[in-house]
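First the structure, in the form of structure tokens, and then the observations on it.
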Amino acid sequence: YEVKADFQRNDGIDTALCFVPYPLANLSRNADSWSWDFGNGTSSNNEVPGIITYNSPGNYFVQLSVSNNSLGCTDTIVKEVILYPIPEISIIGDTLCEGDMASVSVANPNTLWKYQWQTSPMVDLSSDSTPTITSQPLTTTDFYVSVIDTNQCTSKDTATIFVINP
């Protein structure tokens, strides 16, 4: 009986994730004792660690040591977990008079990010894929922006343009 330590990261898709709780699955064989070190100051002796929560984005090294007490055999494996930061975006609303042009911008734009704008109610936009858009809303309108960064992490924000109708 070979004792083999192994685990799967992120449901087997990849090592890297945008900053969210990180799923780990134990794939070890012939073990009856498990010792996890999640690389963030926490550990567990559970066979199934489940979802691990990290306090901040970054690179973490997860170690799993297993043993079979009746055979006296042990094995250890270390794998890297990469958690990318969620892009931080902010847009700010405004108040204007009917007929005036509204400009809505992402406060901290990044030229490498992709932007997607939507409004409610629907209004014409100067562009729906740039960090700054202009529009001439006739009524109070909510502007929604979604951003995708170079790691494919996403973030959203909303701002309202209040329109004063004379």
Nearest 0.5 angstrom please: [X] [atom1] to [Y] [atom2], how far?
{"X": "S35", "Y": "Q63", "atom1": "OG", "atom2": "CD", "result": "7.5 Å"}
{"X": "Y22", "Y": "L17", "atom1": "OH", "atom2": "CG", "result": "5.5 Å"}
{"X": "T53", "Y": "F38", "atom1": "OG1", "atom2": "CZ", "result": "10.5 Å"}
{"X": "N69", "Y": "D32", "atom1": "CG", "atom2": "CG", "result": "4.5 Å"}
{"X": "C18", "Y": "I148", "atom1": "SG", "atom2": "CD1", "result": "10.0 Å"}
{"X": "S33", "Y": "N68", "atom1": "OG", "atom2": "CG", "result": "9.5 Å"}

Quick one: does [X]'s side chain get under 4.5 Å of [Y]'s, heavy atoms only?
{"X": "L24", "Y": "N26", "value": "no"}
{"X": "V145", "Y": "Q116", "value": "no"}
{"X": "L125", "Y": "T119", "value": "yes"}
{"X": "I89", "Y": "P131", "value": "no"}
{"X": "T132", "Y": "Y115", "value": "no"}
{"X": "P87", "Y": "T154", "value": "no"}
{"X": "F7", "Y": "V62", "value": "yes"}
{"X": "W34", "Y": "S44", "value": "no"}

Checking the side chain of [X] only, and the main-chain atoms of [Y] only, is there a donor and an acceptor separated by less than 3.5 Å?
{"X": "W36", "Y": "N46", "result": "yes"}
{"X": "R9", "Y": "E80", "result": "yes"}
{"X": "S126", "Y": "T134", "result": "yes"}
{"X": "D75", "Y": "L64", "result": "no"}
{"X": "S127", "Y": "S129", "result": "yes"}
{"X": "T140", "Y": "V163", "result": "yes"}
{"X": "N151", "Y": "C153", "result": "no"}
{"X": "N108", "Y": "E88", "result": "yes"}
{"X": "D157", "Y": "I91", "result": "yes"}

Measure across [X] and [Y] and return the closest heavy-atom pair with its distance rounded to 0.1 Å.
{"X": "L96", "Y": "A102", "answer": "CD2-CB, 3.4 Å"}
{"X": "T141", "Y": "P121", "answer": "CG2-O, 3.5 Å"}
{"X": "F19", "Y": "P85", "answer": "CB-CA, 4.4 Å"}
{"X": "T130", "Y": "W117", "answer": "O-NE1, 2.6 Å"}

[atom1]/[X]: more than 12 non-hydrogen atoms of other groups inside 6.0 Å:
{"X": "I92", "atom1": "CD1", "result": "no"}
{"X": "E98", "atom1": "CD", "result": "yes"}
{"X": "D124", "atom1": "CG", "result": "no"}
{"X": "M122", "atom1": "CE", "result": "no"}
{"X": "N165", "atom1": "CG", "result": "yes"}
{"X": "Q8", "atom1": "CD", "result": "yes"}

| message | If the test is side-chain contact (heavy atoms from CB on, under 4.5 Å), which one of K156, Q118, K114 qualifies with S146? | response | K156

| If we ignore angles and hydrogens, is there a donor and acceptor under 3.5 Å between the side chains of T76 and S65? | yes

| Side chains of Q136 and D100: donor-acceptor distance under 3.5 Å anywhere? | no

| task | Identify whether I52 and V20 are in the same connected component of the hydrophobic contact network (ILVMFWY, side-chain heavy atoms under 4.5 Å). | result |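 Hydrophobic grouping puts I52 with V20.
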
| said: Hydrophobic clustering (ILVMFWY, side-chain heavy atoms < 4.5 Å, transitive) - are V147 and I86 grouped together? | reply: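 In one cluster: no.
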
| query | Considering residues at least two apart in sequence or located in another chain, which fulfil the salt bridge (Lys or Arg N to Asp or Glu O under 4.0 Å) criterion with K79? | reply | D6

| said: Let's go through F143 and I161 carefully: what are the C-alpha distance in whole Å and the side-chain angles of both, what is the deciding distance for side-chain contact (heavy atoms from CB on, under 4.5 Å) to 0.1 Å, and is it a yes or a no? | reply: CA-CA 8 Å; F143 288 76; I161 298 293; 3.3 Å; yes

| request: Check the pair E2, N30 against side-chain hydrogen bond (donor to acceptor under 3.5 Å, both in side chains), reporting the backbone distance first and the verdict last. | output: CA-CA 7 Å; E2 179 186 19; N30 300 318; over 6 Å; no

| field | Derivation and outcome, side-chain contact (heavy atoms from CB on, under 4.5 Å), residues T95 and I164 | value | CA-CA 7 Å; T95 301; I164 300 171; 3.6 Å; yes

| task | Could you tell me if the ring centre of Y60 sits under 6.0 Å from that of Y54? | result |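 For Y60 and Y54, the ring centres are under 6.0 Å apart.
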
